S.K.: 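First, the structure itself, so that you have it in front of you.
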Number of protein chains: 2
Amino acid sequence: MATQLEPAVPREGTGRKKLLAAALDLFAERGVSGTSLQMIADALGVTKAAVYYHYKTKDDIVLAVVNPAIEELAVIASEAERKRSRAAQVETVLVGIIDLIVRNRSLYAVLQGDLAVAHVLSEHGAFPELSNRIMALLVGPDPDPGTIVAASILLSGLGEAGFGPRVADIGDEELRGHMLGCARRLLRHRRPSAATP
Amino acid sequence: MATQLEPAVPREGTGRKKLLAAALDLFAERGVSGTSLQMIADALGVTKAAVYYHYKTKDDIVLAVVNPAIEELAVIASEAERKRSRAAQVETVLVGIIDLIVRNRSLYAVLQGDLAVAHVLSEHGAFPELSNRIMALLVGPDPDPGTIVAASILLSGLGEAGFGPRVADIGDEELRGHMLGCARRLLRHRRPSAATP
DNA sequence: GTCTATATCCTGATAGAC
DNA sequence: GTCTATCAGGATATAGAC
C-alpha cells in the first residue's frame, strides 16, 4: 500500500528489473504471444537459460511485468471505494488511472490490450474481479447501457491511446489534462430518467 | 466499390468463408499470434494441410480475414472526403465506422487492436495510409493535441468496446446510438483559440 | 548468475496419394 | 478438397558445468 512515486517498471536496474523492462518493451511492440524468450534474452545480451534463472515460466514474466500496474489499480480502487459521493469515486478512479497511464504509457496498454495477458491473468490472478470493481466505480449502481458503453470506450481507449504514436510527442502534464477532459466529457451525460413519463 | 449490405465476414458458408469465420473467432479470442493453423483446422474439423489448400501462408489468412473491413473503411474515407463541410466529413466517418463495428463486432477489434495484424498490414498492405486518412478526417487540418487525444481514444476505444463482454447483450440499434453519442461528446469540445489574447 | 547442451513439443509449410 | 506423412526450425523448459 506504499504510495508509488516512481514509474511502475523502472527503465534501468539490475537483474530482474532490466529483464522486466526489456520484456515490457517487447510486449508493447510485438505482443506477448509474438515475443519469445529468445527475443528477451537477445535484448539483454544473454541466453535463454539466463532468463529462466530469474523466472521459471513465460507466464511468470508476464505476471511480473504487469503486476505493478495491477497493484496500483487495486490501491486506486480501494481509495475510490472509501469516498462517499459518487462524483468523488469517479474522480478518484479517473485521476488515478490516467496518472498511471501517463507515467508509464506502454504498461497499461499491455495490461488491458493484450489478449495473452488477459488469458494469463484469468488463470493466475484475480484481475477480472479488480476490473469489475473499477468498472462499477465508474458507472455506479444500476447503470444504463449508455453509461456502460461510454465507460468501456473510455477504459480501453485510454490504454491504447496512451501508447499510440500519435500522442508520443505530447508531454506528460498536457496529456494528463487532455485525457481527463476526454474522460469527463465521455462520462458526463444525461441519464434517461426512468421517473419521467 | 459495391455497397456492403451483409456482414463483412459471413458466419456460415462453404470452403474459404467458413475458414475465415472460424479464423476471425479465434483471432478475436486468442489474438493472431496466439492462434495456430492447427487451432483453425481443429475448429473446422479438418487438418492443417486442408487449410493450406485455401491459403498459402498464415499472413494470407490474416489479410483475407481483415480485408473486408479495410475495403469498407476505404469506401467510408472516400465518401467522407467528398463532403465539403468539416462537420459532414466527421459525421460520415463516425456513422460509417460505428456501423461497421456494430454490424461485425469482433472484426474491427482484431483489425486495430492486434499488433500482429498491424505488423502484417504494414508489410503487405497500405493500411497505415488509410488509417491516417481517417484520422485526418476526424481531427481536421492543424489539430490541437486535445483533439488528437480525443480521436485516438475514440478510434481505439470503439473497437475494443464493441467486442467487449459488457456490451455483448446490447442490441445493434441501441449500441449504434450510444456509440454515436459517445463519439460526438468526445469530439465536440472547445478548441483553444489561438486568436484570443 | 550466467553459460552450453539437450530434450520435447509444436509451429508454419510442403509433397504427393486419394 | 481433404488426407497422411514429413520437414526444418523455433518454442518452452531442464540439467549441469563454470
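Keep in mind the model is a prediction, meaning the values are calculated, not measured. Naming convention: chains lettered A, B, ... in sequence-line order (proteins, then strands); numbering from 1 in each chain.
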S.K.: In whole Å, I'd like the distance from the NZ atom of B/Lys58 to the P atom of C/dT11.
M.R.: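 Going from B/Lys58 (NZ) to C/dT11 (P), I get 9 Å.
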S.K.: Quick test: give all pairs of protein nitrogen or oxygen and nucleotides 2-6 of chain D nitrogen or oxygen below 3.5 Å, distance rounded to 0.1 Å.
M.R.:
| from | atom 1 | to | atom 2 | distance (Å) |
| --- | --- | --- | --- | --- |
| D/dT2 | OP2 | B/His54 | NE2 | 3.1 |
| D/dC3 | OP2 | B/Thr47 | N | 2.8 |
| D/dC3 | OP2 | B/Thr47 | OG1 | 3.2 |

S.K.: Just jot down the side-chain hydrogen bond (donor to acceptor under 3.5 Å, both in side chains) partners of B/Glu174, sequence neighbours excluded, or say none.
M.R.: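 If we apply the side-chain hydrogen bond (donor to acceptor under 3.5 Å, both in side chains) test to B/Glu174, skipping adjacent residues, the hits are B/His178.
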S.K.: Which residues, if any, of residues 26-39 of chain A bring a heavy atom under 4.0 Å of DNA chain C?
M.R.: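 DNA chain C contact set from residues 26-39 of chain A: none.
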S.K.: Group every Ile, Leu, Val, Met, Phe, Trp and Tyr by side-chain heavy-atom contacts under 4.5 Å, then state whether A/Leu107 and A/Leu63 land in the same group.
M.R.: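 Same cluster.
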S.K.: Have B/Thr92 and B/Arg82 got a donor and an acceptor in their side chains that come within less than 3.5 Å?
M.R.: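 No.
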S.K.: Quick one: list whatever passes side-chain hydrogen bond (donor to acceptor under 3.5 Å, both in side chains) with A/Ser33, sequence neighbours left out.
M.R.: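 A/Ser33 satisfies side-chain hydrogen bond (donor to acceptor under 3.5 Å, both in side chains) with no residue once adjacent residues are dropped.
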S.K.: Round to a whole Å and report the spacing from CG of B/Asp59 to C1' of C/dT11.
M.R.: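 To the nearest whole Å, that distance equals 14 Å.
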S.K.: Between A/Asp42 and A/Lys48 (salt bridge meaning N to carboxylate O under 4.0 Å), is one present in this structure?
M.R.: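 Here A/Asp42 does not pair with A/Lys48 in a salt bridge, since their nearest N and O are not under 4.0 Å apart.
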S.K.: At 10 degrees resolution, what angle do the end axes of the helix from C/dG1-D/dC18 to C/dC18-D/dG1 form when each is taken over five base pairs?
M.R.: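 One end axis against the other gives 10°.
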S.K.: Just how far, in rounded Å, is P of D/dA13 from CD1 of A/Ile40?
M.R.: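 The answer, rounded to whole Å, is 11 Å.
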S.K.: So which heavy atom on B/Arg166 is nearest to which on A/Ser131, and how close?
M.R.: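 Shortest heavy-atom contact: NH2-OG, 3.3 Å.
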S.K.: With salt bridge (Lys or Arg N to Asp or Glu O under 4.0 Å) as the test, would you mind laying out the steps for A/Arg184 and A/Glu91 before giving the verdict?
M.R.: CA-CA 9 Å; A/Arg184 296 201 178 107; A/Glu91 191 69 8; 2.3 Å; yes
S.K.: Can you see which heavy atom on B/Val93 is nearest to which on B/Ile134, and at what distance?
M.R.: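 Result for this residue pair: CG1-CG2, 4.0 Å.
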S.K.: Got a sec, which residues hit salt bridge (charged side-chain N to carboxylate O under 4.0 Å, His left out) with B/Glu29, two or more places apart in sequence or on another chain?
M.R.: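 B/Glu29: no salt bridge (charged side-chain N to carboxylate O under 4.0 Å, His left out) contacts found.
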S.K.: Round to a whole Å and report the spacing from CD1 of B/Ile61 to C1' of C/dT11.
M.R.: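 Whole-Å distance recorded here is 13 Å.
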S.K.: Any idea which heavy atoms bring A/Gln112 and B/Glu160 closest together, and the distance?
M.R.: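 Shortest heavy-atom contact: O-OE1, 4.3 Å.
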